[in-house]
Amino acid sequence: MSNAIITHDLKKTYGKRTVVHDLHLRVPQGCVYGFLGPNGSGKSTTMKMLLSLVRPTAGEVHVLGRPMRRSTRRELLGEIGSLIEAPPAYGHLTGAENMRLVRHLLDLDQGQVQRAVQTVRLQDHLDKRVREYSLGMRQRLGIAMALAREPRVLILDEPTNGLDPAGIEEVRDLLTRLAARGITVMVSSHLLGEIDRTASVLGILAGGRMLFQGTREQLFSRSTPDVLVDTPEPERATTLAGRWNAVRDGDRVRVPGLDHAATAHLVDRLVHERIPVHGVRREEQSLEDVFMDLTGGRGL
Amino acid sequence: MMGAIRAELVKLRRSLSWAVVLFLPLMAVVTGVVNTLVSGQPPGDGWHTLWMRIVVFYGLFPLAAGVAVLASLVWRVEHRGGNWNALMGRVTSSLDIVVAKTTVTAALAAALQAVLVVGVIVAGKLVFDLPGLLPPRYLAVSVVIVVACLPLAALQSGLSMLMRSFAAPVAVALAGATVGTLLLLTRVEAPSLLLPYGLVSRATQVGTGAFADDGSVALPALGVLVAVALALTVALVAGAAVLLDRRDVR
Ligand SMILES: Nc1ncnc2c1ncn2[C@@H]1O[C@H](COP(=O)(O)OP(=O)(O)O)[C@@H](O)[C@H]1O
Ligand SMILES: [Mg+2]
């Protein structure tokens, strides 16, 4: 699988503060890449460097195999749709007028504009002024403006920010449909839950550094989920499994960080001590749990 | 480039700019008329006097302030929300963006002049019952004023591009108009023409005999004004485009 976006040692310093450190981004073609990190971790700054809106202090950006620099950006930007920090749009104009403006600007045909509007399901709200749009509608209009040129790469900075659950679901569904069309979608968020399950590849940023980059499976395989033992005698079982740092969790015993061999050993000991075992399983992990592991419990 | 200009025209819908285009020249006309009525001196030299009383004053400060306000209005929407990121994140080149913004500002400045001319004619006929119509020489002068507004539009557009503040570029225009007027008062014509504020003021004085003007409308002199205006415009637009391209978004 080739990469749509690659960076080498990408770095940005404001004054004496380095806000992005030696980033090696790898965004595979045709995937939804979730770019996660708390507020202020450098997501927007990184995305701005990908678009050459901000010049890197050091390092390089390649988009679709070509270097992205000030001198080359306008040509490359034709392949990229973007929405950075806040949705664009002119509040005093209607949705239709905003789309017409983009059509003139990018020399598009009516069909392209119509398809973009239908993709974000905004066709029934085009005659309203954008000032009167809800935040969700504004985000969708912004995405339609970014989509109109039928880009191969879409860079969306927190498109779910401030949306209600239904709005978030709508954007997620949209991203999945776009990726199914072969568009590479890079989407950032400071909330794990908002792009959990939508993104197949994740980049996790904290303090301007990449903590993890890879598929969801790779991320999950990095941490060992707790083993849960269901037993009618949790007290005895907890004592027995004390040397594996077991803790009692209601009617269950929870044992963290146990590998396969240790799990087998634990079961063997329980059986040997005649403690009835009703079930042994690994806890189902959410991305949140994995992330807690990764950051040493700080979370996003 | 045409696409960028057409996009700018769409943005003018429901814009406050049209109110400025209508009211600023009308204010100048009303002020000139009221002053004339209050002074009790009818426009002795007919259209000529009326033109001088209205247009020369208008050219000293209101015109520069008006074009500055229009440029700020034209750029204001770009400084909002994600618009700047979107503007710079598309294929449209920095030069095309600057040319489109300057063109729209200059077109609005031309509309100012058109409203002013209509206002002078209406005042001349209805208030002072002047014979005939405005002499054609003032239409020629109006064309020169419109051309002289090009570098002003380019400069103010550039300032409003660089400054997020709405008022700061207008303050710069007022300061610039003051310097331009002082230069014209001292009758050092050359430097005053190189300053866009001095250039528009000078253009509004053509044929009136005010300040450094000799009262004639001569082709060579107009040619110089037009040539200076065009050269300044090219330089200012090119400069603004380079600045825009080099700048990072915030
Ligand atoms: N133009 C700028 N000048 C100075 N500091 C900036 C600038 N832009 C961003 N920063 C700082 O860089 C850090 C990362 O910001 P940002 O990329 O916006 O983070 P995120 O998008 O992840 O919330 C923040 O601490 C922010 O204050
Ligand atoms: Mg951000």
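What you are looking at is a predicted structure, and each value in this text was computed from that prediction instead of being measured. Below, chains carry the letters A, B, ... as their sequence lines are ordered, and counting in each starts from 1.
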Neighbour count >12 (heavy atoms, 6.0 Å) for atom [atom1], [X]:
X        : atom1 : value
A:Asp127 : CG    : no
B:Phe23  : CZ    : no
A:Gln118 : CD    : yes
A:Arg26  : CZ    : yes

Got a sec, which residues hit side chain to side chain donor-acceptor pair (under 3.5 Å) with A:Arg172, two or more places apart in sequence or on another chain?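 Here the qualifying residues are A:Glu169.
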With chain B, which of [options] has the greatest number of heavy-atom pairs at distances under 4.5 Å?
options                              : answer
A:Leu93, A:Leu83, A:Asn98            : A:Leu93
A:Arg100, A:Arg129, A:Glu79          : A:Arg129
A:Leu106, A:Ile80, A:Asp107, A:Leu76 : A:Leu106

Would a 4.5 Å heavy-atom cut-off, applied to side chains only, mark [X] and [Y] as touching?
X        : Y        : value
A:Val187 : A:Phe35  : no
A:Thr46  : A:Leu205 : yes
A:Glu158 : A:Leu191 : no

With distance as the sole test, does A:His62 use its side chain to make a donor-acceptor pair with the main-chain N or O of A:His8 at under 3.5 Å?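 A pair under 3.5 Å: no.
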Treating A:Lys43 as the side-chain partner and A:Leu36 as the backbone partner, does any N or O pair qualify as donor plus acceptor under 3.5 Å?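 No, because the side chain of A:Lys43 does not come within donor-acceptor range (under 3.5 Å) of the backbone of A:Leu36.
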Pair up each side-chain donor or acceptor in residues 104-118 of chain B with any protein partner under 3.5 Å, not counting sequence neighbours, and list the distances.
residue: B:Thr105; atom: OG1; partner: B:Lys101; partner atom: O; Å: 2.8
residue: B:Gln113; atom: NE2; partner: B:Ser142; partner atom: OG; Å: 3.1

Thinking salt bridges, do A:Glu60 and A:Arg69 make one under a 4.0 Å N-O criterion?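 Salt bridge: no.
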If the threshold is 4.0 Å, N to carboxylate O, is there a salt bridge linking A:Asp22 and A:Lys11?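 A salt bridge is absent here (no side-chain N lies under 4.0 Å from a carboxylate O).
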Just so I understand: if I count every heavy-atom pair under 4.5 Å between each of B:Thr92, B:Asn83, B:Asn85, B:Asp96 and chain A, which residue has the most?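 Most pairs with chain A among the choices: B:Asn83.
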Can you tell me which portion of [X] sits under 4.5 Å from chain B's heavy atoms? Options are side chain, backbone, both or neither.
X        : result
A:Leu51  : neither
A:Ser71  : neither
A:Arg149 : side chain

How long is the gap from CG on A:Leu77 to OG on B:Ser93, to the nearest 0.5 Å?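 Going from the CG atom of A:Leu77 to the OG atom of B:Ser93 covers 11.5 Å.
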Close approach to chain A in residues 1-15 of chain B, criterion heavy atom under 4.5 Å: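 Contacts with chain A: B:Gly3, B:Ala4, B:Arg6, B:Ala7, B:Val10, B:Lys11, B:Arg13, B:Arg14.
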Report, in residue-number order, which members of residues 59-78 of chain B are under 4.5 Å from chain A by heavy-atom distance.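 B:Val77, B:Glu78 fall under the 4.5 Å cut-off.
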Contacting moiety of B:Arg247, where chain A heavy atoms sit under 4.5 Å: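 Backbone of B:Arg247 only, per the 4.5 Å heavy-atom cut-off to chain A.
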Please classify the contact of B:Ile97 with chain A as side chain, backbone, both or neither, using a heavy-atom distance under 4.5 Å.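 The side chain, not the backbone.
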